[in-house]
Amino acid sequence: FLKDAWISASFRESYSNLLPSWKEVKLESEKSNMPEAFALAQILKISAWHKTTDMFGPIPYKHAGEMMLVVPYDSQEDVYKYFFEDLTAAIAVLTPKAEQGGKILPDYDAVYAGDAKKWVKYANSLMLRLAMRIRYADAPTAQKYAEQAVAHPMGVMENKDDEAKMSTGAGLVFVNNIETLANQYAETRMGSSMYAYLAGYQDPRIKAYFKESS
């Protein structure tokens with residue numbers, strides 16, 4: 001069943017948890033003259049906030065994190081506009097580093113271990129995803145940024161090596177949430193309809209999808 005806390009989780013995570021960290025990275029990157037760190041923060045922020053705006057519509061974006069008593073909301077159309085502008089700027093900052101085969105904060109990056117080239121490909125892929133989401137609402141803008149993403153010299157994610165996944169890195173080990181639901185909570189099981197399809201068609205993937213009950 002639906003719970004208010006679950007429904008509001010995306011909004012809460014974006015603003016109560018992610019925004020303070022983003023703001024801290026912004027300030028520190030300015031102090032240390034490290035724009036690449038802020039570029040990564042921008043990419044991660046957009047990765048989270050595009051889900052939030054698609055769930056809630058208008059959200060605070062342009063002035064989020066500023067010292068204001070009331071932070072204005074931006075229309076979803078404007079939010080997507082800012083997404084594309086900020087992604088374009090972040091990619092421009094990271095590209096020279098990526099062309100040199102450089103790394104950015106490798107000891108703190110649990111996704112790509114600081115590999116700038118993979119972050120650029122991820123950012124291009126994110127841009128392509130966002131462009132496809134507005135293809136019916138604003139076809140010219142969608143085409144512009146979709147073409148920009150795939151035309152970039154480093155392109156978009158094309159194989160498993162490009163996958164953005166948190167498993168191990170930065171001294172941490174991550175466990176897929178499905179592992180917790182299926183094994184620790186012990187409440188996720190195959191339904192009869194799924195079994196009927198997989199067994200009925202003799203699907204060889206059944207042993208990869210499910211474990212036999214003991």
Checking V111 now: which residues fulfil side chain to side chain contact (heavy atoms under 4.5 Å, CB included) with it, not counting sequence neighbours? D109, W119, A164, M166
Donor-acceptor pair, D138 side chain versus I134 backbone, under 3.5 Å? no
Does S29 reach the main-chain N or O of K26 with its side chain, forming a donor-acceptor pair under 3.5 Å? yes
For M194, does the CE atom sit with more than 12 other heavy atoms under 6.0 Å from it, leaving out its own atoms? no
If hydrophobic clusters are built by linking Ile, Leu, Val, Met, Phe, Trp and Tyr wherever their side-chain heavy atoms come under 4.5 Å apart, do L18 and L105 end up in the same one? yes
Is there a path of hydrophobic side-chain contacts, each under 4.5 Å between heavy atoms of I, L, V, M, F, W or Y residues, that connects L126 with M132? no
Pairs meeting criterion ring pair (Phe, Tyr, Trp, His ring centres under 6.0 Å) with involvement of residues 126-158, two or more places apart: F84-Y145
For S125 and M157, indicate whether the former's side chain and the latter's backbone hold a donor-acceptor pair under 3.5 Å. yes
Donor-acceptor under 3.5 Å (Y15 side chain, P60 main chain): yes
Quick note, ring pair (Phe, Tyr, Trp, His ring centres under 6.0 Å) partners involving residues 187-214, not counting sequence neighbours, are none
Under 3.5 Å, side chain of K118 to main-chain N/O of D161, donor-acceptor pair present? yes
Cut-off 3.5 Å, side chains only: do R12 and S16 have a donor facing an acceptor? no
Kindly say whether S75 contributes a backbone atom to a donor-acceptor pair with the side chain of Y80 at under 3.5 angstrom? no
Please write out which residues are connected to V173 in a hydrophobic cluster, directly or through intermediates, given that two of Ile, Leu, Val, Met, Phe, Trp, Tyr count as joined at side-chain heavy-atom separations below 4.5 angstrom. none
Counting C-beta onward and ignoring hydrogens, is there a side-chain heavy-atom pair between F56 and T52 closer than 4.5 Å? yes
What residue pairs, at least two apart or across chains, pass salt bridge (charged side-chain N to carboxylate O under 4.0 Å, His left out) with a residue in residues 37-54? D54-R133
Solution key, residues 63-74 side-chain donor-acceptor pairs under 3.5 Å, sequence neighbours excluded:
| from | atom 1 | to | atom 2 | distance (Å) |
| --- | --- | --- | --- | --- |
| H63 | ND1 | E66 | OE1 | 3.2 |
| H63 | ND1 | E66 | OE2 | 3.3 |
| D74 | OD2 | Y61 | N | 3.0 |
| D74 | OD2 | K62 | N | 2.8 |

